[in-house]
Amino acid sequence: MNVVGYIRVSTQGQARDGYSLKYQEEEIKAYCKEQGLNLIHIFRDEGISGAKLNEEALEIDRVGLQEMLAHLSSVQIDYVVVLNTSRLWRSDIVKVLIQRELKKYGCDIKSIEQPFYSIHKKDPNDFLVNGLMELSDQYQRLEIALKLTKGRNKKAKEGGYAGGRATFGYTKLKGEKELKIHNEHAEVVKRLFELKELHKKWSLSRLAEALNEEGYQTTQGKAFTKVQVKRILDRESFYQGIYTYGQIQANGKHEAII
């Protein structure tokens with residue numbers, strides 16, 4: 001019987017559960033040997049949340065998982081072996097997407113810690129037990145998210161950077177807690193607001209065109225579009241030194257650009 005393994009850790013998950021990649025791999029190999037299963041390959045994702053999803057495309061944004069599903073489309077595999085189903089998913093929508101793909105290829109799941117689990121099984125008791133385990137995992141994930149949100153809210157109230165991608169015009173170096181001005185991008189921001197003040201009737205497209213004509217480029221080294229121009233203009237208060245996070249607004253610790 002041909003099987004593949006799948007292992008995953010996220011930063012939070014590894015710290016909480018202690019399920020390192022090495023531990024999961026050793027457990028899967030030992031299980032397959034004991035059960036007489038032909039383990040072809042073990043796919044892995046490191047530092048990836050089990051809830052990570054490209055919501056617009058309804059695709060699960062994990063390289064190792066995508067490689068595994070591609071493998072299933074070309075080779076007949078009977079089971080995917082995991083330590084437990086939380087390695088594959090931590091939210092209901094991701095669960096639905098993965099199970100849909102596995103059923104398409106006639107593949108089931110063998111969970112070492114959930115020996116009766118099957119994506120096809122209809123037994124009410126197994127459904128209840130596995131469902132409760134998955135709900136428990138999801139509850140823990142939401143609990144951690146709530147704690148993180150509280151911490152970010154506290155930091156935002158103090159005007160500190162609460163996380164996420166650095167706003168255009170700023171940069172956040174590894175190990176530093178606050179945003180620093182990116183001189184080259186800050187010049188673009190200043191120039192855009194100057195153009196907006198000088199030409200109040202100009203459209204977003206015309207403003208983008210002006211930036212491009214003057215040789216300015218985006219973070220990716222490409223020409224500006226009206227969408228990127230609007231994104232900068234919408235953050236005017238941030239560039240003035242005001243930090244906003246959700247409903248919280250405070251004097252930011254970052255240096256103002258305009």
Worksheet item: According to the interplanar angle, ranging from 0 to 90°, do the rings of His199 and Trp202 count as parallel (below 30°), tilted (30 to 60°) or perpendicular (above 60°)?
Response: parallel
Worksheet entry | Under 3.5 Å: donor-acceptor pair, side chain of Arg8, backbone of Ser86 | yes
Practice prompt. Evaluate the criterion salt bridge (Lys or Arg N to Asp or Glu O under 4.0 Å) for residue pair Lys180 and Glu255; output intermediate values, then yes/no.
Written response: CA-CA 7 Å; Lys180 303 293 183 183; Glu255 185 180 348; over 6 Å; no
Worksheet item: What pair of heavy atoms forms the shortest contact from Tyr6 to Arg87, and how long is it?
Response: CE2-O, 3.2 Å
Item to complete: Drop me the distance from His254's NE2 to Tyr243's OH, to the nearest 0.5 angstrom.
Response: 9.0 Å
Discussion item. Please determine whether side-chain contact (heavy atoms from CB on, under 4.5 Å) holds for the pair Leu102 and Val80, giving the CA-CA distance in whole Å, both sets of side-chain angles, and the decisive distance to 0.1 Å.
Written reply: CA-CA 9 Å; Leu102 294 180; Val80 173; 4.0 Å; yes
Discussion item. Nearest 0.5 angstrom please: Lys104 NZ to Leu69 CG, how far?
Written reply: 8.5 Å
Worksheet item: So do Ile98 and Leu65 actually touch side chain to side chain, heavy atoms under 4.5 Å?
Response: yes
Worksheet item: Any idea which heavy atoms bring Ile181 and Ala186 closest together, and the distance?
Response: CG2-CB, 3.7 Å
Discussion item. Just checking Glu184: does its CD atom have more than 12 heavy atoms from other residues, nucleotides or ligands closer to it than 6.0 angstrom?
Written reply: no
Discussion item. Once rounded to the nearest 0.5 Å, what's the spacing between atom CG of Leu207 and atom CZ of Phe224?
Written reply: 11.5 Å
Practice prompt. For the residue pair Tyr239 and Tyr170, categorise the inter-ring angle as parallel (less than 30°), tilted (30 to 60°) or perpendicular (more than 60°).
Written response: parallel
Worksheet entry | Same cluster (ILVMFWY, side-chain, under 4.5 Å), Ile242 and Ile258 | no
Worksheet item: Does any donor atom in the side chain of Asn2 or Asp78 lie under 3.5 Å from an acceptor atom in the other side chain?
Response: no
Discussion item. A side-chain contact here means heavy atoms from C-beta on lying under 4.5 Å apart; do Leu179 and Phe238 qualify?
Written reply: yes
Item to complete: Might you work through the side-chain contact (heavy atoms from CB on, under 4.5 Å) test for Leu88 and Ile109, ending with a clear yes or no?
Response: CA-CA 10 Å; Leu88 281 167; Ile109 293 171; 3.6 Å; yes
Item to complete: With the side chain counted from C-beta on, respond yes when Lys196 and Lys200 share a heavy-atom pair under 4.5 Å apart, and no when they do not.
Response: no
Worksheet, complete the sentence: Between the CE atom in Met68 and the CD atom in Glu101, the distance rounded to the nearest 0.5 Å is 9.5 Å
Worksheet entry | Lys103 vs Ile119 side-chain heavy atoms within contact, under 4.5 Å | yes
Fill in: Donor-acceptor side-chain pairing of Ser111 and Asn84 below 3.5 angstrom
no
Worksheet item: Is atom CD of Gln240 surrounded by more than 12 heavy atoms (other residues, nucleotides or ligands) closer than 6.0 Å?
Response: yes
Worksheet item: Do side-chain atoms of Gln228 reach the backbone of Thr225 as a donor and acceptor pair under 3.5 angstrom?
Response: yes
Discussion item. For a quick test of reading the model, state the closest non-hydrogen atom pair linking Arg191 to Leu211 and the distance between them.
Written reply: CG-CD2, 4.2 Å
Worksheet entry | CG on Leu198 to CZ on Phe193, rounded to 0.5 Å | 13.5 Å
Practice prompt. Verify the cluster assignment for Ile257 and Tyr216: are they in a single hydrophobic cluster under the rule of side-chain heavy atoms below 4.5 Å apart?
Written response: yes
Practice prompt. Please examine the side chains of Glu187 and Asn183, heavy atoms only from C-beta on, and report whether any two atoms are closer than 4.5 Å.
Written response: no
Discussion item. Which heavy atom of Val81 sits nearest to which heavy atom of Cys32, and what is that distance?
Written reply: CG2-SG, 4.1 Å
Practice prompt. Could you tell me whether Glu194 and Lys190 make a salt bridge, using a distance below 4.0 angstrom between a side-chain N and a carboxylate O?
Written response: no
Worksheet item: Between Lys110 and Tyr31, is any pair of side-chain heavy atoms under 4.5 Å apart?
Response: yes
Worksheet item: Could you walk me through whether Glu67 and His71 pass the side-chain contact (heavy atoms from CB on, under 4.5 Å) check?
Response: CA-CA 6 Å; Glu67 288 177 348; His71 188 75; over 6 Å; no
Discussion item. Any non-hydrogen side-chain atom of Ile112 less than 4.5 Å from a side-chain atom of Val82?
Written reply: no
Practice prompt. Quick one: closest heavy-atom pair of Leu21 and Asp45, and the distance?
Written response: CD2-O, 4.0 Å
Worksheet entry | Over all atoms of both residues, closest heavy-atom pair of Leu39 and Gly5 | CD1-N, 3.6 Å
Practice prompt. Could you please spell out the steps behind the side-chain hydrogen bond (donor to acceptor under 3.5 Å, both in side chains) verdict for Thr85 and Gln114?
Written response: CA-CA 8 Å; Thr85 54; Gln114 299 152 280; 3.2 Å; yes
Item to complete: Could you grab the distance from atom CD1 of Ile7 to atom CD of Glu26, nearest 0.5 Å is fine?
Response: 10.0 Å
Fill in: Close side-chain approach of Val188 to Gln217, heavy-atom, < 4.5 Å
no
Discussion item. Please confirm whether the ring centroid of Phe168 lies under 6.0 Å from the ring centroid of His182.
Written reply: no
